[in-house]
Amino acid sequence: MENRTESENKSFLRKVILNSGIIFVIIGIAIRIFMLIYYYYTHSLDPGKSWGDVGYNYNNYTSTIYPALTIILLTFFRFISFGIIEVFAFWAFLLDILTVLMFYFVLKSFDIPKKKFALGLFLINPFFFLNNSFSIQNCGYHITDAFFFFFLFMALIYYPKKDSRSRILFYAFLSLSAVAKVYTIPFVGFFFLKLLIEKDWKEMKMFLITTASILFLFLIVPLFFFGENFLMTFLFWNTRGETFIPFYFRLIPVSILIILYLIFRFKKADLFELVIFSIVVTASVMFFSNPFVRYFQPLIFYGILKAKDFFSFNLNLGIIKGKIRVDNHIITFVLSILAVALAYIVIITIFDPFYSSF
């Protein structure tokens with residue numbers, strides 16, 4: 001009887017392990033739905049409670065601190081919210097959950113093994129979830145980041161494909177991600193230098209025509225309509241940073257980072273790595289102007305999409321036995337936990353003392 005019970009336990013645990021990807025996906029979706037219900041419930045109890053970033057974007061959807069494309073998208077979602085902030089919050093929730101589920105198609109395009117497991121770990125990734133979905137104090141959605149992730153994921157879906165149409169769509173969506181939120185904007189210079197060194201003139205032509213057209217439409221044309229106010233999109237971070245560190249000091253670590261990368265890594269890097277490095281460069285500038293660790297969350301995508309087995313070991317815990325492989329998905333998940341801890345340290349050592357001084 002005991003042997004039968006032990007066998008059943010082993011069978012059950014084996015099924016759980018084999019289906020862990022699906023289980024993580026279900027948990028990831030469920031906790032997002034729970035957070036939406038939580039936000040509605042807490043705000044119904046206290047109507048004066050802050051809606052956080054959702055409230056700011058609902059009331060300041062024409063703010064010039066955002067690029068033109070983001071203003072257009074915010075205006076559209078504000079329009080279809082019919083003057084009800086709870087509807088706007090629902091759109092923020094929907095964009096959040098759709099973009100994370102959209103990552104499955106990125107995994108599929110990159111031909112990542114164990115796609116369901118990779119997607120499941122991504123959906124419950126604590127660093128990504130806490131930055132885009134979760135908040136106890138207000139509403140945790142960052143709808144403008146959802147715009148960025150949508151265009152970035154669309155670009156990554158087309159990245160591995162080599163036909164001309166896919167290459168043009170890759171550059172188009174990547175450019176749209178840059179004009180929706182400036183995280184990827186340095187890719188323009190890095191891509192130009194990379195294709196110039198490799199003398200890939202066909203690729204250079206597609207890159208220049210596509211990228212230049214979109215950047216001109218969304219970064220140059222708005223200057224004729226909004227004038228100097230539109231420049232606040234680019235001056236905003238410097239204005240915030242002057243509160244902490246002078247501009248030239250903030251450029252030093254970023255400049256060192258770029259120089260070291262160009263010397264030791266640039267020639268070996270593929271375009272995907274250059275996209276991620278572009279985000280790191282922008283995030284570094286933003287961090288030294290407004291120290292939020294959340295700006296570095298796209299590093300998660302590099303960890304997930306660069307498949308690699310690091311080491312393995314045999315596990316023998318009675319009813320749980322088998323060979324455990326520690327791959328890039330596990331390492332990324334563990335590092336994400338450490339990133340959450342780092343973000344908390346930054347908040348209590350920088351932000352709390354800064355705001356308490358007023």
Determine, for Asp270 against Lys306, whether the closest basic-nitrogen to carboxylate-oxygen distance falls under 4.0 angstrom. yes
Does Ile157 offer a backbone N or O that forms a donor-acceptor pair with the side chain of Ser109 under 3.5 Å? yes
Please say whether the positively charged group of Lys115, taken as NZ for Lys or CZ for Arg, lies over the ring of Tyr104, i.e. under 6.0 angstrom from the six-membered ring centre and within 45 degrees of the axis. no
From CA spacing to verdict: salt bridge (charged side-chain N to carboxylate O under 4.0 Å, His left out), Lys268, Glu273: CA-CA 10 Å; Lys268 299 177 183 178; Glu273 183 177 320; over 6 Å; no
Could you pull out the closest heavy-atom pair between Phe110 and Leu156, with the gap in Å? CE1-O, 3.2 Å
Residue pair Leu74 / Phe88, side-chain heavy-atom distance below 4.5 Å: yes
Main chain of Gly303, side chain of Asn328: is a donor-acceptor contact present, judged purely on distance under 3.5 Å? yes
Pair Lys114 + Asp327: basic N to acidic O under 4.0 Å: yes
Classify the ring geometry of Phe191 against Tyr171: parallel below 30°, tilted from 30° to 60°, perpendicular beyond 60°. perpendicular
Side chains of Tyr38 and Ile136 in contact at under 4.5 Å (non-hydrogen atoms): yes
Less than 3.5 Å apart, any donor N or O on the side chain of Gln297 or Asn125 sitting next to an acceptor on the other? no
Distance only, no hydrogens: is a donor on one side chain within 3.5 Å (strictly under) of an acceptor on the other, for Ser177 and Thr184? yes
Non-hydrogen atoms of Ser336 and Ile300 that approach each other most closely: OG-CG1, 4.0 Å
Geometric cation-pi criterion, Arg78 with Tyr58: 6.0 Å, 45°: yes
Donor-acceptor pair, side chain of Asp96 and main chain of Ala92, under 3.5 angstrom: no
Step through it carefully: locate the ring centre of Phe148, locate the ring centre of Tyr183, and say whether they are under 6.0 Å apart. yes
Report yes or no: is the cationic atom of Arg32 (NZ for Lys, CZ for Arg) closer than 6.0 Å to the six-membered ring centre of Phe34, at no more than 45° off its axis? no
Rounding to 0.5 Å, atoms CZ (Phe90) and OG (Ser81) come to a distance of 10.5 Å
Measuring only between side-chain heavy atoms, which start at C-beta, is Phe216 closer than 4.5 Å to Ile220? yes
Donor-acceptor pair, distance only, cut-off 3.5 Å: does the side chain of Thr42 make one with the backbone of Tyr39? yes
Considering only heavy atoms from C-beta outward, does the side chain of Val54 approach that of Ile143 to under 4.5 Å? no
Partner of Phe170 under ring pair (Phe, Tyr, Trp, His ring centres under 6.0 Å), picked from Tyr158, Phe153, Tyr159, is Tyr159
Closest non-hydrogen atoms of Phe266 and Phe190, given as atom of the first, atom of the second and distance, are CZ-O, 3.5 Å
If we check ring pair (Phe, Tyr, Trp, His ring centres under 6.0 Å) with Phe122, which of these qualifies: Phe333, Phe24, Phe117, Phe128? Phe128
Less than 3.5 Å apart, any donor N or O on the side chain of Asn60 or Tyr66 sitting next to an acceptor on the other? no
Between Trp51 and Ala89, the two heavy atoms sitting closest are CZ3-CB, 3.7 Å
Is there a donor-acceptor pair under 3.5 Å between the side chain of His43 and the backbone N or O of Tyr41? no
Ser166 side chain to Lys162 main-chain N or O, any donor-acceptor pair under 3.5 Å? no
The residue among Phe272, Phe149, Phe127 that forms ring pair (Phe, Tyr, Trp, His ring centres under 6.0 Å) with Phe301 is Phe149
Side chain proximity check, Phe277 to Phe187, heavy atoms < 4.5 angstrom: no
Any donor-acceptor pair under 3.5 Å from His142 side chain to Asn131 backbone: yes
Checking the side chain of Lys49 only, and the main-chain atoms of Ser44 only, is there a donor and an acceptor separated by less than 3.5 Å? no
Would you please test Lys181 and Asp145 for salt bridge (charged side-chain N to carboxylate O under 4.0 Å, His left out) and show each step? CA-CA 7 Å; Lys181 210 154 189 180; Asp145 280 356; 2.7 Å; yes
Does some side-chain heavy atom of Leu101 sit less than 4.5 Å from a side-chain heavy atom of Leu123? yes
Sub-4.5 Å side-chain heavy-atom contact between Tyr141 and Phe134: no
